[in-house]
Structure formats: C-alpha cells, structure tokens
Participant: 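If you scroll down you'll find the structure; I have some questions about it.
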Amino acid sequence: MRIPELLAPVGSMDHLKVAINAGASAVYLSGKNYGARKYATNFTLDEIEEAVNMAHMHNVKVYVTVNTLIKEDELENVINYLAKLYAMGTDAVLVQDLGLVELIRKHLPNLKIHASTQMTCENQLKIDYLESKGIKRVVLPREMRKEEIENLKTNMELEIFVHGALCYSYSGQCLMSSFKGGRSGNRGTCAQPCRQKYLIEGMKKQDYYLSPSDLNLFNHLKEIAELDIRCIKIEGRMRSKEYLAIVVSNYRKALNRLKSGKESTSEEINLVFNRGFNEGQFLNKSKRSIRAGHIGLKIGRVIKSSENQLAIRMNDHIKTMPEKGDGLLIVKNNDDYGFEISQDPLITTLNHFQKGKNKPVKDLTRKNKVLIVKKVWQNKKADFNLNESDVYLTKKNNLSKKVKEIENKGSSYVKSKLMLTFYIRNKYPVLKARLTLANHKEVTCEVMGNTPFEKPLKKSISQDTSKNQLLKMDKYPFEIAQININYDGTLFIPISKINKLRRNLFEKLENEVIDSYKHEPETIRLNKKEINQKEAEINFSFYTNNLKHLENITGVKRVYLEIPPQDDSLSLENGNYNINYIVNFIKKAIEIANGKNYELIWKWPDIAHDKLIKALNKVRGILNKMHYTIPIMSNSFNGEYASYSMNIANNYSINSLENYKILTVSPELRKKDYEEIIKYCMNPNKVEILVHGRVELMKTRYPILYGNESKRDYKNYLIDEKRTSIQFIKVFHQKN
C-alpha cells in the first residue's frame with residue numbers, strides 16, 4: 001500500500017510556512033491571475049519564486065493553479081507566464097483549458113501538467129484522452145465514487161479531494177454565478193450562489209437547499225490508499241492559518257500511522273472552519289449545511305435550560321471537553337445562538353444531574369456525562385426555548401497554542417540527508433557536503449576557510465569542539481546523517497571561523513538546491529496571424545428533447561436531440577438504465593427525421609460516468625445492428641459534435657479537437673471574445689454559439705438537499721432573496 005502525497009492549499013506566504021511545518025508533502029497556490037480563487041491573497045511572480053525556493057529547501061513540491069478558461073487575446077501572456085513558472089522550478093501546473101494544454105505541449109514540453117478538477121474528467125474516455133496529451137496527473141471530480149475510481153485504468157497519477165468545501169455542481173460545469181451575478185467560476189470569481197438560502201415553491205421556509213456540508217474523508221484514508229490514489233488534496237486557499245495547521249497536521253499524523261497499519265480518529269479538525277461534515281459522493285452520501293458559516297464539533301443536546309444555566313447531555317464518543325473561554329453554538333431549527341463560556345463549566349453524570357447533586361466527574365471517559373454551563377444569557381436571541389437543541393463546540397482556546405507551535409516549528413515532513421566531511425588542506429579548514437534530497441537528487445559542494453590553522457599558544461580546538469560547531473543546523477532543514485572529522489585536534493583556529501565555514505557551506509548548499517530545480521528562461525511569441533477567409537456560413541441548430549418538435553421544425557441545419565432527463569423511464573428502480581426505452585426513443589426519432597431538411601444528432605448527457613457510457617454504447621450497438629445510424633454530440637472525446645459544456649474559449653482548444661465537426665463555444669464569452677476567435681479561426685464553420693434559450697446553470701449529482709426531511713413534493717422553482725425564480729428538474733441529478 002503506497003501512502004499518498006498530502007497536498008495543502010496555500011493562499012499566502014504565511015500559509016506556505018504553516019503548510020510546510022504542518023507536514024504537507026506538496027502545496028498548491030495561485031498567481032494574481034488565471035487561478036480559480038481570484039479573491040484569495042495569492043502570489044506575485046516574485047512571491048511564487050520565493051515560495052518555490054522555500055518549499056524545495058524543505059522537500060515540498062509546488063503546483064501552481066492556472067485553471068481558468070483562457071480567452072483568445074490572453075494566450076500569449078499566459079504561455080509566457082507559464083514559461084516563467086517553469087524557469088523558476090515550479091513542479092507542475094494545474095490546467096483547465098484544453099487549448100492551454102496544447103500550448104504547453106508545443107512550447108514547454110517538459111513542464112508537467114495536472115488536469116484540474118475543473119476539467120470534469122469523470123469517465124475512462126476522458127482519462128484516455130488526457131493521458132494521450134501527455135498529462136501526468138488528473139484531479140478527479142469530487143463526485144466520483146469509490147467503485148468508479150477503482151475501475152479506472154491509467155498510467156496517470158490520480159488525485160482526489162479529501163477535505164474541505166463541496167460544490168453543489170460539478171466543478172467546471174457551474175454557470176449559476178456567471179449568469180446570476182456576472183462572476184464566473186470558470187474565470188476564478190465565483191460568488192457562491194449555492195451558499196445562499198432559497199425558498200422552494202411548495203415549501204414553507206427558506207433554507208440552504210444547494211449548500212452541501214463539507215467533505216471529510218479522514219476516516220477512509222486506508223480505503224483511499226488501497227485505490228492507489230497518488231495524492232490527497234485539502235481544499236481551503238481562502239481559509240485561516242488555524243484551519244491549515246490543524247487539518248494538515250492531523251492528516252499527516254494519520255498518514256504516518258497508516259504506514260504502520262494503524263488508523264486514526266480526530267476531533268480537532270471539527271474545531272476549525274467547517275459547515276458540518278459528510279463523506280460526499282465517494283461513499284454516495286450527501287448532507288446539506290445548516291448554516292453558511294462555521295458550525296464546529298457537535299458535542300450533544302440541551303436537556304435543560306434556565307435563566308442561570310444550560311445543561312447539555314454530552315455525546316458518549318466525544319473526548320474534547322469544553323472549558324472556560326471556549327465557544328459554543330446552540331442550534332434549533334433555523335435559529336442559532338453562539339457565545340463564549342465565561343466560567344469554568346461543571347462536568348457531572350446524568351444520574352447525579354437528575355438527582356440534583358451535580359457532583360463533578362474526574363474521569364472524562366465515562367459515559368452519560370452532562371455539561372453544565374452557567375450564565376449564558378447575554379442577548380434576546382437566547383430567549384427561544386433551547387431544550388432539545390443541538391450543541392456545537394466552535395472554538396477551543398488551547399488550539400491556538402498548537403497552531404503557534406506548528407507555525408514556529410520550522411521543520412518539514414521530510415528532511416534532506418546531509419553528509420559532512422571536515423579536514424585541513426594546506427593548513428586551511430575545508431568543509432565538504434553531500435546533500436540527498438527527498439527526490440533522490442544529490443547536491444555536492446565544498447568551502448574553504450580563509451584563516452589557517454595554527455599551533456596553539458594555550459589550547460587547541462579538539463575534534464569534539466569542531467564537531468559540535470558543525471552539527472548546528474541554524475535555520476536549515478537538513479538532517480545530518482553522517483559527519484567525518486579528519487582532524488587530529490592538535491591545532492588552533494577561532495571557533496567563529498568554524499561557524500563561518502559552516503554558514504558559508506549551508507548558504508552554498510541552499511543556492512545549489514534551488515538552482516537544481518531551475519530552467520533557462522525564455523520568451524515565447526505565438527505569431528498569430530489573421531486568416532483571410534470568406535464570410536462564414538451562418539445557419540441554425542436546435543436543441544430539443546421532445547419528439548414532437550422533430551415533426552414540425554424547419555429552417556435549421558441540425559437538431560440536437562437529448563433523452564428527456566425528467567422522464568423516469570430513463571432509469572429503472574434497480575439503478576440500471578432502461579436500454580429498451582432509449583433504443584425505442586432514438587429509433588423513433590430517426591424515423592421521424594428521415595427525409596427532413598436537417599441532420600439529426602443524438603446529444604449524450606454532458607456528464608456521463610462509465611456506467612452510463614456503457615449503457616449508451618450498448619444502445620448504439622443495438623441501433624447499428626438494426627441499421628439505424630446517428631451521429632453523436634458528446635463531451636467525452638468520442639463524438640463528432642461538442643456542447644458548450646466543453647468550455648471552449650479559444651482557437652487552440654478548437655484546433656486540438658480535430659475529430660469534432662462542430663464545437664459549441666462557451667456561453668460565458670462576450671461579443672469581443674467571439675470576434676477574436678473567428679478572426680484567427682482556421683475553420684469558422686466549425687464554431688457554434690448559443691443565441692437563444694435557457695442555459696443549464698448547474699450539473700449535479702446531488703438531489704435538492706433537504707437534511708432529514710423525507711418530503712419530496714416540491715415544484716419546479718427555487719426562489720432567491722430577490723424573488724428571482726430558478727427552474728430545476730425533479731430528477732436532474734444523476735443517480736448512477
């Protein structure tokens with residue numbers, strides 16, 4: 001069983017130091033542009049170089065996110081930005097844009113590419129395509145399930161998210177922020193509309209129906225490692241240093257224990273920012289958050305409240321006990337009340353509490369504990385009845401001490417092994433080093449002092465004294481594996497000269513380590529030319545999932561037909577697809593379209609996991625045997641037509657998809673962007689744009705999130721705070 005790389009989010013230089021000290025084996029960060037978290041602090045180019053140098057000294061890899069869609073007029077700037085990242089020694093870049101992949105392959109072939117989760121790579125066809133493009137690692141969608149990951153076959157490294165925020169939509173497939181508020185998730189400026197409260201028509205209250213609770217796969221690390229996942233990723237470039245320190249350090253401890261075959265538990269990670277936890281689609285589970293902000297660790301329920309105190313029946317498995325100065329949150333229905341504990345609470349047993357004795361309990365491992373907190377009422381919000389309310393521990397004061405210890409530790413997960421040799425050459429001291437990095441690179445160097453050894457007037461410098469001075473590590477993250485003192489201890493030199501010799505060697509080693517990752521800088525010119533072309537042919541295509549439209553539609557060149565997602569005949573109760581229904585639907589459509597003045601194209605779902613791909617290919621085979629052929633619109637690189645969900649934003653993406661006849665470009669582009677694409681397009685007749693109709697704002701694998709409610713008699717609209725109606729379809733989430 002291989003222990004996966006632990007990848008930590010870094011939003012600033014201070015966060016980088018915390019991530020390194022907490023035990024990250026790699027970090028991901030972004031420049032000021034082209035990253036999917038534009039509103040994080042992020043890094044200038046000079047800061048990225050400083051971060052890369054610091055990380056490499058600690059044997060930590062640095063991946064830079066360049067995972068937004070790239071517009072035509074940005075391409076040259078972006079490829080030159082990537083050239084600078086490559087020159088400074090960046091270990092890999094995370095990319096969403098298919099055109100950018102082509103540019104990197106052509107101009108920076110040795111720069112490693114990781115396919116961002118924004119690429120929505122959910123099936124084997126996409127995996128195979130990305131591997132054929134030389135991509136080294138793919139970050140799988142958060143919606144991938146354990147058995148689906150297990151069945152993937154690839155030589156690429158697989159990376160998954162294990163902790164942090166979940167999106168309601170597949171990453172890269174959400175247009176809600178863009179169309180609702182003008183801030184595009186595909187351009188790094190998501191406004192998180194899924195975190196807002198909505199009213200569902202037919203329901204009585206607003207709630208967080210699109211807001212999943214956070215992902216936490218801490219208790220499933222063994223299963224993940226057995227899947228040969230090469231990297232586990234923590235989300236949170238915009239979260240606090242406290243979050244980073246506690247989450248990364250706990251996952252590092254758990255991975256270290258896993259090496260010894262031991263598993264771990266942790267309550268600490270519940271005490272830093274989270275909206276509640278669930279195991280996501282990895283185990284096919286979902287749960288909505290009950291509030292947009294931090295909720296903490298659920299510790300029990302209120303069994304009695306009064307003007308003077310609050311009695312909380314503690315959950316038996318809870319080991320973390322609240323203390324003075326800690327924070328509590330009381331939640332009942334849609335109301336909550338938070339406060340800081342002002343006095344030392346009393347911990348007693350349920351039996352004592354019921355008898356009115358309130359005798360303190362010293363053994364905190366006992367079951368049936370009751371926590372009594374006094375004088376909590378400080379505002380009118382607490383006037384509601386708190387009995388049977390859930391209680392969460394939101395803040396633990398002693399965590400701050402641990403965070404500071406991690407922040408100031410100054411050591412990394414894996415230290416470079418250093419072998420030192422000290423000897424005299426022509427009376428002058430010489431210190432020689434061989435440093436072995438975690439990536440098995442070896443760096444060697446030596447320095448010679450400028451002050452010679454002399455015969456002692458009083459006392460010589462002994463071997464032990466020399467050795468003790470040379471063993472001092474200063475700020476450097478090295479581990480001395482061996483030291484050889486080839487000196488008999490009979491001469492004299494000032495100790496300060498030995499210290500200076502050591503410092504000079506370490507400084508030279510640092511420069512050698514940093515330089516070992518760097519490459520020659522270069523400037524790239526794309527030399528794009530406007531293509532002389534005749535006026536492009538203008539025609540119309542029509543999207544539908546209604547067979548009746550096929551009978552009467554005129555004036556269009558193509559009709560894209562999709563199996564209606566709201567039709568329950570598509571899937572059976574056992575979770576398998578209704579092959580007969582799909583065959584008959586497409587067969588009837590082909591018969592209706594026969595002789596019409598348009599080309600009929602079968603549009604496959606934009607999100608298609610392998611189980612669905614298998615079913616659709618089976619349908620296709622059956623139709624072929626019946627001599628019914630139909631071209632395919634598919635985003636899985638196996639069709640002739642591509643929908644707007646492929647997020648095409650530039651000509652390099654268009655040209656890379658040679659097998660496609662028609663590509664619908666991103667609906668997030670503006671008029672100027674379309675003009676730029678057409679200006680440089682080799683075949684403008686290959687380009688389609690959406691001009692009318694309702695755009696799918698989200699593609700999801702979640703149902704509408706109801707918490708513990710079982711009622712499902714909702715109608716067809718979400719209503720936001722501005723009374724805007726957003727239509728959804730009852731079974732638009734994909735069950736399989």
Side-chain angles (χ1 to χ4, degrees), residues 5-37 40-67 78-95 100 104 107-114 116 136-137 157 159 231 233-234 237 241 244 248 410-416 435-443 475-478 506-524:
E5 178 181 273
L6 178 59
L7 180 57
V10 169
S12 70
M13 193 63 72
D14 286 342
H15 284 69
L16 173 66
K17 295 172 185 175
V18 170
I20 290 171
N21 293 345
S25 38
V27 298
Y28 64 104
L29 54 86
S30 175
K32 296 292 184 182
N33 297 303
Y34 317 124
R37 291 289 184 273
T41 303
N42 293 325
F43 293 73
T44 64
L45 263 173
D46 288 342
E47 288 171 337
I48 293 177
E49 185 166 20
E50 183 183 350
V52 168
N53 294 345
M54 179 191 296
H56 286 163
M57 282 297 294
H58 290 83
N59 291 304
V60 172
K61 294 179 180 179
V62 177
Y63 309 137
V64 179
T65 62
V66 191
N67 58 342
V78 176
I79 193 62
N80 279 285
Y81 169 66
L82 288 165
K84 292 173 183 175
L85 295 178
Y86 176 64
M88 68 178 64
T90 298
D91 294 281
V93 290
L94 287 102
V95 173
L100 198 53
I104 294 170
H107 297 284
L108 299 167
N110 294 319
L111 176 58
K112 289 183 180 178
I113 304 172
H114 293 179
S116 168
K136 300 301 181 184
R137 178 185 292 183
E157 297 176 354
E159 175 180 310
C231 178
K233 187 172 190 174
I234 295 167
R237 273 184 286 157
K241 287 191 292 185
L244 189 61
V248 174
S411 63
S412 51
Y413 167 52
V414 179
K415 294 184 179 181
S416 299
L435 186 69
T436 305
L437 309 181
N439 60 7
H440 305 299
K441 284 184 181 180
E442 282 196 354
V443 176
K475 63 176 181 177
Y476 294 94
F478 306 144
F506 285 175
E507 186 176 330
K508 190 173 181 180
L509 272 176
E510 180 176 16
N511 291 332
E512 291 286 343
V513 170
I514 290 169
D515 288 344
S516 73
Y517 287 90
K518 293 186 180 298
H519 305 92
E520 287 297 318
E522 60 177 306
T523 300
I524 298 169

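Because the structure is predicted, anything quoted here is derived from the model rather than measured.
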Participant: Strictly by modelled atom types, are N59 and S416 linked by a side-chain donor-acceptor pair under 3.5 Å?
Facilitator: yes
Participant: Between L85 and L108, is there a side-chain heavy-atom distance shorter than 4.5 Å?
Facilitator: no
Participant: Which atoms form the tightest heavy-atom contact between E522 and H107, and what is the distance?
Facilitator: OE2-O, 3.9 Å
Participant: Measuring from L435:CG to F506:CZ, what's the distance to the nearest 0.5 Å?
Facilitator: 9.0 Å
Participant: Do you know the tightest heavy-atom contact between A51 and F43?
Facilitator: CB-CE2, 4.1 Å
Participant: Determine whether more than 12 heavy atoms belonging to other residues, nucleotides or ligands lie under 6.0 Å from atom NZ of K112.
Facilitator: no
Participant: Classify the side-chain pair Y28/N67 by whether it contains a donor and acceptor separated by less than 3.5 Å.
Facilitator: no
Participant: Please round to the nearest 0.5 Å and tell me the distance separating atom CG of L94 and atom CD of E159.
Facilitator: 6.5 Å
Participant: Write down the atom of V513, the atom of S516, and the distance for their closest heavy-atom approach.
Facilitator: O-OG, 2.6 Å
Participant: For side chain to side chain contact (heavy atoms under 4.5 Å, CB included), just list the numbers for Y81 and L45, CA-CA rounded to whole Å, side-chain angles, deciding distance to a tenth of an Å, and then say yes or no.
Facilitator: CA-CA 9 Å; Y81 169 66; L45 263 173; 3.8 Å; yes
Participant: If you compare all heavy atoms of M54 against all heavy atoms of H58, which two are closest, and at what distance to 0.1 Å?
Facilitator: O-ND1, 2.9 Å
Participant: Please identify which of these residues, L82, V52, L29, meets the side chain to side chain contact (heavy atoms under 4.5 Å, CB included) condition with V64.
Facilitator: L29
Participant: Measure the spacing between CD of E520 and NZ of K518 and express it to the nearest 0.5 Å.
Facilitator: 11.0 Å
Participant: First locate atom CG of D14, then atom CG of L244, and finally report the distance between them rounded to the nearest 0.5 Å.
Facilitator: 11.0 Å
Participant: Provide the closest heavy-atom pair for P477 versus M57 in the form atom of the first, atom of the second, distance.
Facilitator: CG-O, 3.2 Å
Participant: Any chance you could lay out the side chain to side chain contact (heavy atoms under 4.5 Å, CB included) test for L100 and Y34, step after step, and finish with the verdict?
Facilitator: CA-CA 11 Å; L100 198 53; Y34 317 124; over 6 Å; no
Participant: Show the nearest heavy-atom pair for residues N42 and G31, with the distance to one decimal.
Facilitator: CB-O, 3.4 Å
Participant: Just so I know, are the side chains of T65 and R237 near enough to count as touching, which here means a heavy-atom distance under 4.5 Å?
Facilitator: yes
Participant: Can you tell whether the side chains of K441 and E512 come within less than 4.0 Å, N to carboxylate O?
Facilitator: no
Participant: To the nearest 0.5 Å, tell me how far D515 CG sits from E510 CD.
Facilitator: 10.5 Å
Participant: Any luck finding a side-chain donor-acceptor pair between D91 and H56 under 3.5 Å?
Facilitator: yes
Participant: Which value, rounded to the nearest 0.5 Å, describes the distance between K136 atom NZ and H114 atom NE2?
Facilitator: 9.5 Å
Participant: Are L509 and F478 close enough, and set up right, to give a side chain to side chain contact (heavy atoms under 4.5 Å, CB included), and what steps lead you there?
Facilitator: CA-CA 10 Å; L509 272 176; F478 306 144; 4.1 Å; yes
Participant: Any side-chain to backbone donor/acceptor pair from S25 onto L6? Under 3.5 Å, distance only.
Facilitator: yes
